[in-house]
Amino acid sequence: ASILLFRACLALLAMPIYLLSFLGIWEPFCRKIFFPFILEKLSAICEQKIKKQKQELFRNLPDFRSPSGELKLLEIGTGYGTNFQFYPPGCRVTCTDINPNFQQGLSRNMNKNQHIHYERFLVAAGEDLHQVPSGSVDAVVCTLVLCSVHSVNGTLKEVLRVLRPGGAFYFLEHVAADHSSWKYFWQQICYPTWKLVFAGCCLTREIWKDLEQANFSELNVQHISVALPWTPIQPHIIGYAVK
């Protein structure tokens, strides 16, 4: 009852956005203007908090080069390309995102990171990567994306399909807090309004369970807390899985 009450209070505060959503105005405005703008600001803050974790996460990327010596990498939900700086020199990157409105910031990061080769940019959802041949990439990267895909399981199936045997899937995602914690209580309160405001981002997904149920031969996952005060997205998981 208390969760429903607080949800209603939060919805009242966000009533203009709910009204715009009802009129069909909010979603196109959010995709084209608001979400790209706010994501760029949030990415700058988040990168400062998790830079060391990302450096450690991607440290063993070169180990997954193909027998030819090449490293072909596919990134799901590239956004502004904040991960480019962590990729090893010479790797060949295919970028995908369901939202094509990040091009300006993406181009800036491409220009900053000339140590890697950019193959192409695909407008595609994580659940539908049909433009990428099966078994064609050595590594797939997905950071802060599985919270907003329509189907986590569908996305992981596509990851497994496009990876070659022995390839790796790297992930960093915010997840549901412990159910007995105050953090989870506030996640439940914020959930509907947060999802509307931030383009479908879900606060209470237990993504580590989906990873455990996927058909990876090896799973390395760590639960961490990212110092993002006054936000409901502090609990994260980070790691990689091998096909």
Side-chain angles (χ1 to χ4, degrees), residues 50 53-79 83 86-88 91-99 119-179 184 195 200-224 226 233 235-243:
I50 59 177
Q53 288 92 334
K54 279 191 175 183
Q55 287 173 333
E56 184 61 31
L57 172 66
F58 294 122
R59 190 182 301 278
N60 68 342
L61 253 178
D63 295 345
F64 293 97
R65 295 182 188 275
S66 65
S68 67
E70 275 193 330
L71 178 64
K72 293 182 178 179
L73 186 150
L74 171 74
E75 182 163 357
I76 299 174
T78 304
N83 292 324
F86 304 107
Y87 297 158
C91 78
R92 314 188 72 86
V93 180
T94 297
C95 305
T96 74
D97 206 295
I98 195 172
N99 189 342
E119 300 276 77
R120 55 179 174 160
F121 178 87
L122 304 175
V123 178
E127 305 92 336
D128 184 10
L129 300 171
H130 68 273
Q131 299 171 79
V132 183
S134 299
S136 63
V137 297
D138 304 301
V140 176
V141 173
C142 187
T143 60
L144 302 178
V145 173
L146 293 179
C147 59
S148 56
V149 297
H150 291 299
S151 170
V152 176
N153 288 329
T155 301
L156 293 178
K157 285 180 181 178
E158 280 291 82
V159 168
L160 283 163
R161 182 185 66 80
V162 302
L163 275 175
R164 65 165 176 80
F169 172 54
Y170 289 80
F171 54 87
L172 169 65
E173 301 289 340
H174 70 79
V175 294
D178 184 274
H179 286 204
Y184 185 68
K195 186 176 181 180
C201 176
C202 298
L203 292 172
T204 57
R205 286 185 173 173
E206 298 175 329
I207 297 170
W208 67 90
K209 292 184 179 180
D210 298 292
L211 288 163
E212 289 168 356
Q213 293 168 6
N215 293 319
F216 290 104
S217 62
E218 178 186 341
L219 176 61
N220 301 275
V221 58
Q222 181 183 1
H223 289 255
I224 63 172
V226 178
I233 56 170
H236 282 64
I237 58 170
I238 187 170
Y240 67 96
V242 180
K243 177 177 176 179

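All figures in this text were calculated on a predicted structure; none of them were measured in a lab. FYI, the numbering just counts along the sequence from 1.
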Sequence neighbours left out, cut at 3.5 Å: what donor-acceptor pairs do the side chains of residues 210-224 make with other protein atoms?
{"from": "Ser217", "atom 1": "OG", "to": "Val242", "atom 2": "O", "distance (Å)": "3.1"}
{"from": "Glu218", "atom 1": "OE2", "to": "Asn220", "atom 2": "ND2", "distance (Å)": "3.0"}

If you look only at distance, which donor and acceptor atoms sit under 3.5 Å apart when one is on a side chain in residues 145-152 and the other is two or more places apart or in another chain?
{"from": "Ser148", "atom 1": "OG", "to": "Val145", "atom 2": "O", "distance (Å)": "3.1"}
{"from": "Ser151", "atom 1": "OG", "to": "Gly154", "atom 2": "N", "distance (Å)": "2.8"}

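Leu122 and Gln131 get closest at one heavy-atom pair: CD2-OE1, 3.5 Å. The heavy-atom pair separating Glu75 from Thr143 by the smallest distance is OE2-OG1, 4.5 Å. Of all non-hydrogen atoms in Gly239 and Leu57, the two that sit nearest each other are O-CD1, 3.3 Å. Between Ile76 and Gly126 the shortest heavy-atom distance is CG2-CA, 4.0 Å. Closest non-hydrogen pair, Pro133 versus Arg120, comes out as CD-NH2, 4.4 Å. Listed here is the closest heavy atom pair of His174 and Leu144: N-CD2, 3.8 Å.
Classified by interplanar angle (parallel below 30°, tilted 30° to 60°, perpendicular above 60°), the ring pair Tyr170/Phe64 is perpendicular.
With sequence neighbours left out, the side chain to side chain donor-acceptor pair (under 3.5 Å) criterion links Glu158 to Arg161.
The number of heavy-atom neighbours closer than 6.0 Å to NZ of Lys72, taken from other residues, nucleotides and ligands shown, is 12 or below.
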Between Asn83 and Phe58, is a side-chain contact (heavy atoms from CB on, under 4.5 Å) present by the stated rule, with each step listed?
CA-CA 9 Å; Asn83 292 324; Phe58 294 122; 4.2 Å; yes
